[in-house]
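Quick notes on the structure that follows.
Just so it is clear: chains get the letters A, B, ... in the order the sequence lines come, proteins before strands, and each one is counted from 1.
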Amino acid sequence: TDKTGENKQSGGGQANAPAIKADPAPPLPDNAALPAGDGKGKCGKVSIAYIGTIAGASAALGLNILNGVKLAVKEHNDANPGCQVTLKQFDSEGSPDKAPGVVTQAINDKSILGVVGLAFSGESKAVGKAFNDAGLVTVTPSATNPNLAKNGWKTFFRGLGNDAVQAPAVAAFISDELKAKKVCVVQDDSEYGIGLADLVTKSLGSKASCQQKVKTGQKEFSAVVGAIESEKPDAVFYSGYYPEAAPFVQQLRDDGFEGSVVAPDGVRDDEFIKNAGGSAEGVYLSCPCLPSAGFTKFSKDFQALAKRAPSTYSPEGYDATTILLKGLDKGLKTRAEMLNFVKNYQGQGLTKQFKWNSDGELTETPVWMYEVKDGKIVQLKDMTKATS
Amino acid sequence: MSAGVGTQRDPGTVRAPFGQRVRDWWNSRSRAEQWMIAIPVVVLVYLLPMLNVFPLSTEPWTDYELALFNAARLGLIALGLNVVLGQAGLLDLGYVGFFAIGAYVAAIMTSRDSFLHNPHYSWLVVVPVAMAVTMISGVLIGTPTLRLRGDYLAIVTLGFGEMVRLLADNLDPLRGNRGFQDVGRPPGTHADGSPLFTQTDGKPWYWLTVTFIIVILLLIGNLERSRVGRAWVAIREDEDVAELMGIPTFRFKVWAFVMGAAIGGLSGVLYAGQVGFVNNQRFDVVTSILFVAAVVLGGSGNKVGVLLGALVISYLPDRFQLAPQYRFLAFGLALIVLMIFRPQGLLGARQRLLARGRQAYQRLVGAPEPVSADSALTEQGKGGDL
Amino acid sequence: MSDTQPGTQPGSPSGTQPGTPSGTPPDVEGLSAEAREMTEEERAAHFAEVAEAVAPDREIAVGVGDTLLELRDVTLRFGGLTALDEVSFDLRRGEILGLIGPNGAGKTTCFNVMTGVYRPTSGQVRLEGRPLGRLKRHRITRYGIARTFQNIRLFDEMTALENVVVGADARHRTSVVGALCRLPRHWREEREGVDRAMALLEFVGIADRAADRAKNLPYGYQRRLEIARALATEPKILCLDEPAAGFNPAEKDDLMSLIRRIRDDGYTVLLIEHDMRVVMGVTDRIVVLEFGKKIADGTPAEVRDDPAVVAAYLGVPDDGAA
Amino acid sequence: MTYHLALTLAQTESHWIDFNVGLLADRFWSNTVDGLAYGSIYALVAIGYTLVYGVLRLINFAHSEVFVVGAFGAYFTFVALGYEPGPTLASGLVPLIVNLVLAGIVAMIASGVIALILERVAYRPLRRRNAPRLVFLITAIGASFAIQQALLIWRGGNPEPAIRLLRPQAVFEFGTTRITNIQIIVFVASLLLLVVADAFVGRTRLGRGIRAVAQDPDTAALMGVNKERVIMLTFVLGGVLAGAASLFYVMQIPQGVLYNGGFLLGIKAFTAAVLGGIGNLRGALLGGLLLGVVENYGQSLFGGEWRDVVAFVLLIAILMVRPTGILGESLGKARV
Amino acid sequence: MALLEIAGMSVHYGRIEALRDVSLTVEEGEIVTLIGANGAGKTTTMRAVSGLIPLSRGSIKFNGEDITRLRADLRVRRGICQSPEGRGVFPGMTVRENLDMGCYARKDRKGIEADFERVFELFPRLKERISQAGGTLSGGEQQMVAIGRALMARPRLLLLDEPSMGLAPQFIQQIFAIITEINQQGTTVLLVEQNAQQALSRAHRGYVLETGSVTRSSAAGELLADPAVKEAYLGIA
Ligand SMILES: Nc1ncnc2c1ncn2[C@@H]1O[C@H](COP(=O)(O)OP(=O)(O)OP(=O)(O)O)[C@@H](O)[C@H]1O
Ligand SMILES: Nc1ncnc2c1ncn2[C@@H]1O[C@H](COP(=O)(O)OP(=O)(O)OP(=O)(O)O)[C@@H](O)[C@H]1O
Ligand SMILES: [Mg+2]
Ligand SMILES: [Mg+2]
């Protein structure tokens, strides 16, 4: 490949990427449903549950979600004196063998009408059928395995984009906008990373000229970076989450890589920018979500409640809870009513438009590309059209 | 006063440790009396799921019956690991590998996601096959590694345990994180035709596991009081000398490994069946180390002790879930504190190694049991070699 | 003040116990609880049984005097150090052979070569004509060589009785499955093993502490326990590495009589010992090593007068007290 | 150019393992350089394992947390010195050196102190009670859990934002192989520390005390060695080296400051210690470097997902040939 | 004032009482021998004096100072050094390093060098094996190391637990000669020996220990002449 110019920006950044014209910002979703609602909610003694990891190995992710859920419930209860919803927390430790115990417990607790969870795909697979049999509705804020929706479980709803939508958009962006001819796809070992990488690789076709794999928790990437280096691709797509993406991108840039870096929503997080230490500059991020101004308030409130910044899947947890709370506000009393409510729900959330198909997948998932500019994530392009 | 040799054995001012007193009391019973005590205890153990009441219940945090099953399952694992670690003294930090192999065999043989063509083998076939496969893998892993001593073995087994998990991660047919759904369960139905063994009903699982535990307890007890058990302890104490005393040490070490592996495989099958889903999670180093913790906490080498240890490791965290965020912190601290207060484990009694020991000791020293004299001053660094 | 007076051989054949100033009757200590209760005659009968159990198949009559073990030009080097240098000697059935030599002469190493701990750099060890070659250590034990250790090596956490039963297990064949299911052979061997171990403890005189953990026994008991454990493997050859170390003269006398009794029961004994009184007192023949080389081989009297041995080992003749 | 040599091992629909010999050949020297730099961190941490193992025969599972605490120490020093996450770099050579040394000292103190506390609170009571060795292992695990969770509760589960004082720049470059300034600093400083540690343990009186306690604590006491002090010292020494390692780690990978960030590294470091011959300081060095390098080769050859497998296979292969590690253990064992 | 003064000492191993009410004194400049059958508690006494096991009753005074609760290593600094039963050679250290350990509590470089020479003179074998690992030495060689190491400490009170064990006859003679010699140079010696004949003939006084209690104590010569002692410990029926 050709080497152009001596770009010596502080954070690395791509030298040979074509300039991309940013789309105008979409109308901000000021109509986003918020947990507070209209303050007139009426309900009996009802509760919702968060089931997922709270302590244990992957606690960080669980706490991100749980705090989002807590924030939603708090805002709701503060605003609705007539409907005080209890939040019950169940710690599944993120593991398939602990989950059945707590899920059985949640199912037996008749006051629970809806569940936010479970956090991981593995545990979700393990207990999906139990929820289905009990008719207890679940909205997962983070489990991304595409197969989850194909089990025929009536109670399963996924509160975030299916990778199947995101992948073609990303591929289109890489080939049409970045005009990349050689792409390296780097995947982590999570379900999310593997699934997305597969789909992106397929969509890219022959352009995806190299594959690399990394592990969750890995922080040292010299060998991967070296392999990419010797391949000299125009772009790298990192399919995974930000904790690994940050050091990866940094080491990639430090090694002198000058192509474009693209990453999905798992990386679209302020933590990524903080952690990549300048190297995040110019990274393209895809997300099945709209740019949202509602985030500012959310972030502030979240910080106040949890004493730390919102992070991966915090807003998703918040949105999922909001939907369940909306149902409770209506005075729904049974699980069947609740299930029905969620099934037919339609509305804008903080992160996206919520409306589910019969499998429990979101139907209208807008996919936007973002870019890291001056240490901020700014919207770049609406890729929804590109794929439809 | 007898002359020359021998020391006074009056207890003096020092009181015997608790575990010792319990054991002395137990050993001073006759066989019949022991049975009279043991049978009601066993009955009580079987009735536990019915006692879903205040001090015992783990609710509202988690389902009580499933919590019992999980504790029993860990108990089974601890029993298996105890053969390897407690009896033969082989520090196996990769025991989770056998557990994983058991679970995967069950999954491959019964799950619809399996690469086999018609994977619907009956559970009753799965159990022996899984145990056989784990035993074979025990031989395969043991043969190269068991020539190593002490902590070299520890790290190598840890490596092997990790490799089992990494293979599950990396080899496509093993489906990594995607895993296998709908793993087979034992046959049997309720009167109304619904299956007896389900994911959410812990009772049948618990009873099944307890039954396995009792059978294995008896079998392991037989082994312990035999040439085999003695060989294991001898190897644990001094491997060189054991070999010079005519013990084929390598063969017996492999046997210990294989027996442990079989039990690990069995518990893997139970695990896979109850959860109904197997993927690459939960087979990591930390889990493996928790297994070791159960054994050591209970009293390495003591069968009943390790069951207690498993109970502590598995049931207590379920029972006291007051503040989930602090649970593991509390767990870690509890481990430290427990070990400081009971450094020999909860039941740190030594094993009995002779099938007809009672009579022999009666004739030799006029008492049915070893005069234990647990020295408070065992020389450090010697003895109890890993 | 000499230990090297061969003339004094006070050990009486029937295990005299050290008398004590307090004047308690001897014989009681070291006996099992059962034996302590017995009358004299019962006790005599009991010890006849014990002797029977200790040496189940006596082969005293069978060819005493043929070569049982041969070392042929055994050489062993550790790096640059030659610990054994073309050592050759025979051990004949039914004899007590002494192996002596200055510190570091290679005596213990000799044991280590015979029992398979070390492989000779060159040369051969043959038991009843069969070369031991590369046999595994446990096989060698089964072929019939048992030993004790210069630095006591017991199974510390086991009781004395269990230690001895482990030795007896060397002759047992119960398989893992057999033990698991308690097949008849398991029962039979278990009974035999325990009986034999009990007899051996009585035989070496430490039955009173059969139930103590090995590590809690006093040094002298530990030494005797090692002997009992080695005997339990029903060896053809019993190798004792400095068994009298740490014994007082009275105890040494006991030990000497014990060694004689062992031989009388049909075992062949190879004895390493520095105490000349013991060596001269019990051995039939003596091999002397120095710097890994054999420098003498003969009856005690011959060896004692051999100038090379005197120079290398015995030191200046004593001025003869006691 | 890269060319793929794919050996298909499996009969099922998908292949199992690919070999990419070309890539390894291409990247051989780069892999070596990177591996040495990273491996020297392994080595420093491995020393802590080896020392403690030497004295107490204990696999100090909490050593990885000692390391992590050091990383936090370095991080907070950076913060206190006014650095912010993002592209900030130290300006000028002198402030850079001063700040790095400061951070290093704080990290070493933090790690040393936590190691000391660990010894006092967790292990000493056990020694008083003459607990069996395995019990120490469990306590170590308990301590590891507790420290990790305390950090999690305090700092949350996300890594601290990356602060870097120095950006890697190639100092030597031949072909595709670059040796960066950071790599040189890390490698040279680690080597220096290792030599000092080795000299300390091998030459000084206290070092001799450490070895004596390791081999026979009772006799050591009879020679006038203060066992408790020696053990304390060992923990502190191991901790201090882990602290230094944590600074180097944060320099190379600023994103590593995380409550469980030491876990994997700890296991690898312990593997390195065993690889070289446990109880043997030079062995730890050799094991660490070898592991770092071979891991990288393996990753190039088989792909990233096999990195850890390669590490363990290396360990097993070496122990098969040399059952007490490459250099053998130096603990000494009585012969029969 | 006696150099070592043990009063009413009892020691327990767990529940077993190994020593009961043992009182014993060693005057400055003396050689005192402790004899007794296997298991009488001789080694236990030595370990208690060195501080390796705690007393359950009684007290130990050294040079007028109560050291009952003093740590073992500090007792070494006060001038008590022991060559232990079972030798306690550091298996992974070379002969030289092992001897070096003897001077752990010493600072005078010159004296140390001289003492090295002295030890090598006594045991030329050790000089030949100076860089062999302690663990690979033969039993007797290890015993030489243990004794040499204790000598290197130049203690005020030297505790020797069965120094002749495992040594060849010519060395036994030598060891006893050395004991007398260093005693004449001012070192006080407490000696446990099974070779009671030799030990008592070199010692000033002796104690007889039986099942954990002192049953007899008097001048060495008297003990040598005592018929009961003769019968029990000297092997002269
Ligand atoms: N593993 C080894 N490595 C190096 N040298 C060894 C080893 N084993 C023994 N030696 C040396 O070989 C020589 C013979 O040792 P051995 O133990 O056989 O002596 P010994 O005759 O038993 O002496 P002692 O009477 O003192 O017990 C000694 O000098 C010893 O240092
Ligand atoms: N660690 C221990 N635990 C329990 N009992 C012990 C321990 N060590 C020694 N004993 C017991 O204490 C008593 C005294 O032992 P000690 O070793 O002091 O005897 P000794 O006089 O030195 O004998 P020997 O001549 O055999 O060396 C013995 O009965 C022994 O069994
Ligand atoms: Mg010897
Ligand atoms: Mg003694």
Chain B contact via [X] - side chain, backbone, both or neither, heavy atoms under 4.5 Å:
{"X": "A:D133", "value": "neither"}
{"X": "A:S121", "value": "neither"}
{"X": "A:I107", "value": "neither"}
{"X": "A:V127", "value": "both"}
{"X": "A:K215", "value": "side chain"}
{"X": "A:D97", "value": "both"}

Kindly indicate, with the supporting measurements, whether the criterion ring-ring contact (aromatic ring centres under 6.0 Å, His included) is fulfilled by B:Y46 and B:Y206.
CA-CA 8 Å; B:Y46 271 103; B:Y206 173 75; 7.5 Å; no
Can you say whether [X] sits under 4.5 Å from chain A via the side chain, the backbone, both, or neither, judging by heavy atoms?
{"X": "B:D318", "result": "side chain"}
{"X": "B:R178", "result": "both"}
{"X": "B:E65", "result": "neither"}
{"X": "B:L166", "result": "side chain"}
{"X": "B:Q181", "result": "side chain"}

Compare all side-chain heavy atoms of A:L196 with those of A:V200 and state whether any distance is below 4.5 angstrom.
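Of all side-chain heavy-atom pairs linking A:V200 with A:L196, at least one is under 4.5 Å.
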Sub-4.5 Å side-chain heavy-atom contact between A:L148 and A:W153
yes
Consider ring-ring contact (aromatic ring centres under 6.0 Å, His included). Of A:Y238, A:F237, A:Y241, which one does A:F248 pass it with?
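Of the listed residues A:Y238, A:F237, A:Y241, the ring-ring contact (aromatic ring centres under 6.0 Å, His included) partner of A:F248 is A:Y238.
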State whether a side-chain donor-acceptor pair under 3.5 Å links A:T155 with A:T138.
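No, because no side-chain N or O of A:T155 sits under 3.5 Å from a partner of the opposite role on A:T138.
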